[in-house]
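This report refers to the structure that appears directly beneath it.
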There are 2 protein chains.
Amino acid sequence: MAKEITIYDIANQLQISPATVSRALNNHPAINEKTKVLVNAKAEELGYRSNKFASNLRKQSTSTIGVIVPRLNSYIMSTVLAGMEKIANEEGFNLIISQSLESQKKEIANAQTMFNSRVDGLLVSVAFDTDSFEHFQPFLKKKIPLIFFDRILENNNCPSIVIDNTKAGYEATNHLIQQGRSNILHITGNLQRNVYADRLKGYQQALLENEIPFQKEFLWETALNLEAGKEVAQRIKAMPNRPDALFIASDLCAVACISALKEMGIDVPNDISVVGFNNDPVAQVIAPKLTTIHYPAKEMGEIAVKSMINHLKGTMNLDKTNAITLRSELIVRESSRIIEHSA
Amino acid sequence: MAKEITIYDIANQLQISPATVSRALNNHPAINEKTKVLVNAKAEELGYRSNKFASNLRKQSTSTIGVIVPRLNSYIMSTVLAGMEKIANEEGFNLIISQSLESQKKEIANAQTMFNSRVDGLLVSVAFDTDSFEHFQPFLKKKIPLIFFDRILENNNCPSIVIDNTKAGYEATNHLIQQGRSNILHITGNLQRNVYADRLKGYQQALLENEIPFQKEFLWETALNLEAGKEVAQRIKAMPNRPDALFIASDLCAVACISALKEMGIDVPNDISVVGFNNDPVAQVIAPKLTTIHYPAKEMGEIAVKSMINHLKGTMNLDKTNAITLRSELIVRESSRIIEHSA
DNA sequence: AAATTTAATGCAACCGATTGCATAATAAAA
DNA sequence: TTTTATTATGCAATCGGTTGCATTAAATTT
């Protein structure tokens, strides 16, 4: 195994001091241009690579950003992460990614690992059942910037990056009402989470404005996954007074539900219209194509990392920033377009 | 900002040497049990956290595994990563994940970053157009273990973790033939990649065994994404002699294709049967439900990381291991079950 | 009691880059 | 020519664990 080249090797060969080599490599203004060229050439020649650990140790910073997500393998999260990775990579930062698998307990463990790994900043989208901020306190104490995205924790002075879930919920529901629906069942996730609570708010607001009473029997809290979609269909089938529309807070769940409903002979959109959420690719490959809310996942990831890096570099101070809200958009497709019954 | 606690602080308070503290914290056998208890208690009390950089610097190892994937946000890859993260987390390893976005150029840059980050090991699934092994040589030179998974590079003595793509391709095709189909169009990705080349081999083998001539016009190389699926449908519609079956090397593409075919009035599975690949959740929520090959993505991720860690810890030597093949499985659903035309 | 073995701890160098401060070299001003 | 300002470089301490080797203390053997 070839010996690792250090700045001392370069210094020796050039008969200059390691300090100068270090400064030259970091493009320090006090170093003569010619020296820089010389050092860089020699570094190249010897196949030098900087030792990040020595550097981190000395600088007390890691150029690493921690990310905790509920799960890696959901359309939204993997897309957010794709956006994050893109920017981090461009900016010379590393990402350490971990998943809580929707469990606060794992989230706490992950936060601790991140803390011990001395990430320069932490980006978090919380688990279903997270009800404490405790495990994030160490970061605040050490002034490590903490940004929440998508599923946020409120009342803690941390900036957050979100879409306007209330507005989105309102638009989805209002659209269904405009299509002539009034018995709108809302399928959602854990209401402790802002994303679902806010969508519900929007839903209720739309009902209110249209003088449709809100019934809590028309609000179902589920896991919002594929299985939940199937179960929802079963339950609907068994209802004496079926709803005429569904607003489901996740496309995958919505699609599974539609699929099951169709198998039961219930027509979408004529018997029941459906609006999903996220604009998952799956939304446009099923029949009927799913009306949904476009969620700017990639952009969210990009902006989250960009904001974090700007803050770390001092280009932008996040302390005063409370929230960054991204634009979401209703995309109307077939699943909510009512076609008159033929014949 | 509270000062960071070091082993020196612990040593001072306990009136012992930092060396003993270090050894006690690492559960070194030469240290007295009572001392260990004492040290650990004090560490806990002071809120000590180990400085990984100091440790890495000295130990010349990082407890970090690099992962390069084509994209983060595909069902298969995000699921593989979920499995990887799970095991890495359990074993106290960190993951640095980066995506090549199907470009060899980015893959090279990422490999370099990984190298400079001094990952202890590297896991790679190569981009569409990667045709060189050059960028991985530095790892071999430095004896940094390199494992390929899913999309592998051959002839380089690196272990790989794969499914038997040939067998899977054979089974998919043979199933279609058993259903009475013989004009089977194969939609695949870049044939430079083992996964697609092998599936094609299996496809050809099944044809051969059933004495169906292979026609190269029935082999289409595409991007295998949603858009490609739509285009495939268009092209099929325009064919004078349409195929009676499709074997598509990705579910998402297959589903998009089916959706488009249906819109054109072409019935699946009666006019054209379809078999996909991956067992993406989307496969079971469309109508007709998609016949596909189950791909053990989570397991692949878990085994990849597990193997890497075992190798690093010396528990298992990978030098002699050429390949680990995981079990895949044909899942028959409606898209390939031919129902007699009603009426 | 002396010699030898075993167990537990400490010393000090080391990993490799960074940086405040001092200094040398050169240029500009007096 | 001397003084002052400017530019470039070097010295040496520092970041915080880790580890080979030495040493001390305690236990065991002769």
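In what follows, chains carry the letters A, B, and so on, assigned in the order in which the sequence lines appear, proteins first and then strands, with residues in each chain numbered from 1.
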*Check the distance between C:dA17's C1' and B:N116's CG and give it to me in whole angstrom.*
14 Å

_Over all strands shown, is B:S22 touching base, sugar-phosphate only, or nothing at heavy-atom distances under 4.0 angstrom?_
base

*For B:N56, answer base if it contacts any base atom (sugar-phosphate contacts may also be present), sugar-phosphate if it contacts only those atoms, and nothing otherwise; contact means non-hydrogen atoms under 4.0 Å.*
nothing

*asked:* Please classify the nucleic acid contact of B:Y8 as base, sugar-phosphate, or nothing, using heavy-atom distances under 4.0 Å.
replied: base

_If only side-chain N and O atoms count, and only distance matters, is there a donor-acceptor pair under 3.5 Å linking B:N89 with A:N110?_
yes

*asked:* Nearest to the side chain of A:N32, heavy atoms from C-beta on, is which of D:dA8, D:dG10, D:dT18?
replied: D:dA8

*Rounded distance (Å) that lies between atom C1' of C:dC14 and atom CD1 of A:I7*: 15 Å

*Would you say the side-chain atoms of A:Q104 pair up with the backbone N or O of A:S132, donor to acceptor, closer than 3.5 Å?*
yes

_Length of the CG-P vector between B:L25 and D:dG16, whole Å_ = 15 Å

_Output the rounded distance in Å from CD (B:Q60) to P (D:dG16)._
19 Å

*Closer to the 5' end of DNA chain D via nearest nucleotide, is it B:A19 or B:F53?*
B:F53

_Any heavy-atom pair between the side chains of A:Q60 and B:E4 that's under 4.5 Å?_
no

*asked:* For C:dA8 and B:T35 - does any side-chain N or O of the residue sit under 4.0 Å from the phosphate oxygens OP1/OP2?
replied: no

_Between A:D131 and A:Q192, do the side chains contain a donor N or O and an acceptor N or O under 3.5 Å apart?_
no

*Which part of the nucleic acid, if any, lies within reach of B:I16 when heavy atoms closer than 4.0 Å are counted: base, sugar-phosphate only, or nothing?*
sugar-phosphate

*Quickly work out the B:E4 CD to D:dT14 P distance and round it to whole Å.*
18 Å

*What about A:R23: does its side chain form a donor-acceptor pair under 3.5 Å with the base of D:dG10?*
yes

_Interatomic distance, B:E33 CD vs C:dT9 C1' [rounded to whole Å]_ = 15 Å

*Checking side chain to side chain contact (heavy atoms under 4.5 Å, CB included) against A:P70, which of A:E102, A:K106, A:Q99 comes through?*
A:E102

*Interatomic distance, A:Q15 CD vs D:dC11 P [rounded to whole Å]*: 11 Å

*Closest to side chain of B:S17, choosing from C:dC11, D:dG16, C:dT18*: C:dC11

*asked:* Tell me the interatomic distance from A:I10, atom CD1, to D:dG10, atom P, rounded to whole angstroms.
replied: 14 Å

*Quick one: which of D:dC15, D:dT9, C:dT9 gets closest to the side chain of A:R58?*
D:dC15

